[in-house]
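First up is the structure itself, then whatever we jot down about it.
Note on naming: letters A, B, ... go to the chains in the order of the sequence lines (proteins, then strands), and numbering restarts at 1 for each one.
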Amino acid sequence: MRFSQLFFSTFKEVPKDAEVLSHQLMLRAGMIRKVAAGIYSMMPLGLRVLRKFEAIVREEMNRSGAQEVLMPSMIPSELWKRSSRWDHYGRELLRIKDRHGKEFCYGPTHEEVITELANHYIKSYKQLPINAYQIQTKFRDEIRPRFGLMRGREFLMKDAYSFHASWESLDQTYRDMAATYRRIFQRAGLKFKAVKADSGAIGGDHSSEFMVTADTGEDAIMECLSCDYAANLEAAESHHKGQEMGDIETKTWVYMADQKPISVILKSEDTINEIKLRKALNAQVLYLSETTPETGLDAIVDLRLSGLGYEKLADLRNVKSGDICPHCHQGRLQEIRGIEVGHIFQLGDKYSHSMTATYVDEAGQDKPFLMGCYGIGIGRSIAASIEQNNDKNGIIWPVALAPYLVDIIATSTADETLNTCAESLYGELLGENIEVILDDRDESAGLKFKDADLIGIPFHVIVGKKFLSEGLIEFKSRQSGAVTMLKPEAVLGHIQTLLRAAKD
RNA sequence: CGGGGUGUAGCGCAGCCUGGUAGCGCACCUGUUUUGGGAACAGGUGGUCGUAGGUUCAAAUCCUGCCACCCCGACCA
């Protein structure tokens, strides 16, 4: 590609509404363009990055034995009514009527569609397990979209669904997916952490989130400084040493749990974790009541107040930095921030049961499928990569995601010697199928350097005054800033060596 | 949905209070000189001032409704 022909332009100034760095840089680099709140067009540079990540996801999913399908983005309401999510999903679900008045939703996730597919095609336990995935545009009518691709309403997601005849088989695929996710994020050059997540009504230790660590992350993660325990704050626990006696200050709130008021008592320095509370009370609808605490109400009390003599005890608090690890009982917990880029989850028979999707087992009996689901936010992942890889000059793409690997810059377009050399290097790299872009614009050298840095192309090949004086090409790494002087005929080999190294 | 805020050229903003020729920087176009970190000079293009209505001789400016967008909270890959 030639810069002079590329459909893009870079910007010095950034629209005021771009808050986070990844959003600002993608706008400035001409990678994305907002069309409406939380809805973006991908420009060629941005799309190339997206496709790079997608390809990694596809390769690793295929390697794991999963099979790609493509489900529709528009889903008829009947399917969603069968799982009863049509009524329960809330207003994030975009509902649409066609010309006949028939109701559809724009799929935010595809459990219903895939469950119907499984039910249609899979008759016998002999056909199990199956893991099917798609990479597809989803829509969630988020209350407040923000942060560019990080939290859009329309977004590209890889979602996989597995079907099993036994929990053992589900466990196996769950572990395979965890390993696959590790490979995917490793290959993409992301620093990440797999953390225990809230597993909702299903329960058990069967929900993990893959978090890209970044200070700007929206999620709080508690990690142990001594062992490998890590959990989303929502799900994090801590080890506590039995009763605490003496003067303990407490705080009481009144919650309405399925219409019934209940007192919730914690140590005054602690904060309530409503997810834990909801689970402890097994409540559908839970909210903080306006009423003041009064005596005579049922009470539920945090574990750490076990010395006060209440009957109903549960872990109700958010753990804090400095708490003791629930896993090794040794280390202290520390809070870090993360961006959730993936989530793997054992669903069990939640959907197969409500939608009566069954297979015939060895005994000839109809059984609901056991299911797992596994998501990766594609756009969010590349935004997360930028959050992790940038400097004051712009994006620093890892080789695995970069839109182009090499940017060839001739510092003066007026000089035919430089142009000829740049063109010949360009042709040589193209001939070897190296993703190269030639900055042939009639612009100042400074602007080309700035753009190369902003866009984050890993390797810059500069044909300039050193070439005129000594016949040497400057080869610069975006990441380290290191410059190597090379003879023109050595450039290709040097790049090939670096690319090979980047693959390992 | 609650609270706060913004809509003026592609982007960043001024003008509004106190009504009277729509402006600045960047970007873009033309020409000349340039070319190692977002070049200089000269000339130019581009705006129904979010939208509908009202007040007025006259509205970007005052009033009312609506819309869009952004920030803070509860939802999520």
message: Base, sugar-phosphate or nothing for A:K16? Non-hydrogen atoms, less than 4.0 Å.
response: sugar-phosphate
- request: Could you tell me whether A:E340 contacts a base, only the sugar-phosphate backbone, or nothing, with contacts defined as non-hydrogen atoms closer than 4.0 Å?
  value: sugar-phosphate
field: Step-by-step salt bridge (charged side-chain N to carboxylate O under 4.0 Å, His left out) determination, A:D451 to A:R441
entry: CA-CA 11 Å; A:D451 275 355; A:R441 294 175 295 178; 2.9 Å; yes
- prompt: On a whole-Å scale, what distance lies between the P atoms belonging to B:rU18 and B:rC62?
  reply: 9 Å
query: Can you tell me how far P in B:rU6 sits from the matching atom in B:rG36, rounded to whole Å?
result: 45 Å
Distance check: side-chain N/O of [X] vs OP1/OP2 of [N], anything under 4.0 Å?
{"X": "A:R144", "N": "B:rC71", "value": "yes"}
{"X": "A:S444", "N": "B:rU35", "value": "no"}
{"X": "A:K34", "N": "B:rC70", "value": "yes"}

- prompt: By centroid distance (under 5.5 Å) and plane angle (under 30°), are A:F155 and B:rA77 in a stacked arrangement?
  reply: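 Yes, A:F155 stacks on the base of B:rA77, since the ring centres sit under 5.5 Å apart and the planes are within 30°.
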Whole-Å gap separating [atom2] ([N]) and [atom1] ([X]):
{"X": "A:D451", "N": "B:rG36", "atom1": "CG", "atom2": "P", "answer": "16 Å"}
{"X": "A:N273", "N": "B:rA74", "atom1": "CG", "atom2": "P", "answer": "13 Å"}
{"X": "A:R146", "N": "B:rC76", "atom1": "CZ", "atom2": "C1'", "answer": "11 Å"}
{"X": "A:L93", "N": "B:rC75", "atom1": "CG", "atom2": "P", "answer": "18 Å"}

- prompt: Does the ring of A:F155 carry A:R140 above it, NZ/CZ under 6.0 angstrom from centre and within 45° of its axis?
  reply: no
task: On RNA chain B, check which nucleotide each of A:V341 and A:F147 is closest to and give me the residue with the more 5' one.
output: A:F147
query: Which sits closer to the 5' end of RNA chain B, A:E13 or A:V463, going by the nucleotide each is nearest to?
result: A:E13
task: Can you tell me the pairing partner of B:rU48 across any strand shown, Watson-Crick or G-U wobble, with both distances under 3.5 angstrom?
output: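 Check on B:rU48: unpaired, no WC or wobble geometry under 3.5 Å.
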- request: Scan every strand shown for a Watson-Crick or G-U wobble partner of B:rC67, both distances under 3.5 Å, and answer none if you come up empty.
  value: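 Matched B:rC67 with B:rG7 under the 3.5 Å cut-off.
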task: Please check if the distance between the ring centroids of A:F369 and A:Y351 is under 6.0 Å.
output: no
Donor + acceptor pair across side chains of A:Y174, A:S162 (<3.5 Å):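 No - no donor-acceptor pair under 3.5 Å links their side chains.
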